[in-house]
Amino acid sequence: QVQLVESGGGLVQAGASLRLSCAASGRTFSNYAMGWFRQAPGKEREFVAAISWSAGSTLYADSVKGRFTISRDNAKNTVYLQMTSLKPEDTAVYYCAQARPRYSGSYNREYEYWGQGTQVTVSS
């Protein structure tokens, strides 16, 4: 059974940085793309970033491009989301997800497993 556990969320001021981590277990981590999604109150869950199984390619939502960086350490079964220049509109619960085999895009329905989420709050 796949488990994904996020950590690193918190309350920060606008302009600050945070790094989220997601530790995975249950199947061969390096075989699957990983993604980060977020959901703000009253809004649908949205794509943030994705990284291929080998970390050879990454994909970002336009709203975070240039500010967020997704990376992975296959030896540690962990994916990261480095967030800089945070804005109040980045406030949301952030979810880590593991994709179906051979998928590395932005559609949340193509992600099989999800973490419990970690809250990120950015004050103005």
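Given the structure is predicted, the values throughout are model-derived calculations rather than measurements. Counting begins at 1 with the first residue of the sequence.
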* **Residues Tyr95, Gln39; criterion side-chain contact (heavy atoms from CB on, under 4.5 Å); working and verdict** => CA-CA 8 Å; Tyr95 297 91; Gln39 187 167 20; 4.2 Å; yes

* Begin with the C-alpha distance, continue with both residues' side-chain angles, and end with the deciding distance and a verdict on side-chain contact (heavy atoms from CB on, under 4.5 Å) for Tyr113 and Arg100. => CA-CA 9 Å; Tyr113 297 99; Arg100 300 184 185 282; over 6 Å; no

* Verdict with supporting geometry, Tyr80 and Thr69, side-chain contact (heavy atoms from CB on, under 4.5 Å) -> CA-CA 8 Å; Tyr80 306 97; Thr69 303; over 6 Å; no

* Run the side-chain contact (heavy atoms from CB on, under 4.5 Å) check on Leu81 and Phe68 step by step: do they pass? -> CA-CA 7 Å; Leu81 186 68; Phe68 291 11; 4.1 Å; yes

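Take Val120 and apply the side chain to side chain contact (heavy atoms under 4.5 Å, CB included) test, not counting sequence neighbours, and it matches Leu18, Leu20, Met83, Tyr94, Val122.
Within 6.0 Å of the CD atom in Gln116, the count of heavy atoms belonging to other residues, nucleotides or ligands exceeds 12.
In the hydrophobic clustering of this structure, Phe29 groups with Leu4; members are Ile, Leu, Val, Met, Phe, Trp, Tyr whose side-chain heavy atoms approach within less than 4.5 Å, directly or through other members. Under the 4.5 Å side-chain heavy-atom criterion for Ile, Leu, Val, Met, Phe, Trp and Tyr, Val48 and Val12 are members of the same hydrophobic cluster. If you chain together hydrophobic residues whose side chains sit under 4.5 Å apart, Val2 and Val79 fall into the same group.
A donor-acceptor contact shorter than 3.5 Å is absent between the side chain of Gln82 and the backbone of Arg19. A donor-acceptor pair is defined here as one N or O able to donate and one able to accept, closer than 3.5 Å; no such pair exists between the side chain of Thr118 and the backbone of Ser7. In this structure, Tyr103 contributes its side chain and Tyr107 its backbone to a donor-acceptor pair below 3.5 Å. Arg72 contributes no side-chain N or O that, together with a main-chain N or O of Thr78, makes up a donor-acceptor pair within less than 3.5 Å. Thr28 places no side-chain N or O within donor-acceptor distance of the main-chain N or O of Ser30, the cut-off being under 3.5 Å.
Taking all atoms of both residues into account, the shortest heavy-atom contact from Ser52 to Ser104 is CA-CB, 4.3 Å. What you find for Ala14 and Ser124 is that their closest heavy atoms are CB-CA, 4.4 Å. Between Gly35 and Tyr111 the shortest heavy-atom distance is N-CE2, 3.6 Å. The heavy-atom pair separating Glu6 from Gly117 by the smallest distance is OE1-N, 2.9 Å. Between Ser85 and Arg67, the shortest heavy-atom distance links the atoms O-NH1, 3.0 Å.
The shortest side-chain heavy-atom distance between Glu44 and Asn108 does not fall under the 4.5 Å cut-off.
The CE atom of Met34 sits 3.5 Å away from atom SG of Cys96, with the distance rounded to the nearest 0.5 Å. For the atom pair NZ of Lys76 and CG of Asn74, the computed distance is 12.0 Å after rounding to the nearest 0.5 Å.
Note on Glu110 versus Arg102: no salt bridge recorded, every NZ/NE/NH1/NH2 to OD/OE distance being 4.0 Å or above. Electrostatic pairing of Asp62 and Lys65 counts as a salt bridge here, judged by a charged N lying under 4.0 Å from a carboxylate O.
Under 3.5 Å, the side chains of Arg27 and Gln1 contain no donor-acceptor pair of N or O atoms. Between the side chains of Thr91 and Glu89, not a single donor N or O lies within less than 3.5 Å of an accepting N or O.
Contacts classified as ring pair (Phe, Tyr, Trp, His ring centres under 6.0 Å) and involving residues 39-61 (residues at least two apart or in different chains) are given here: Phe37-Phe47.
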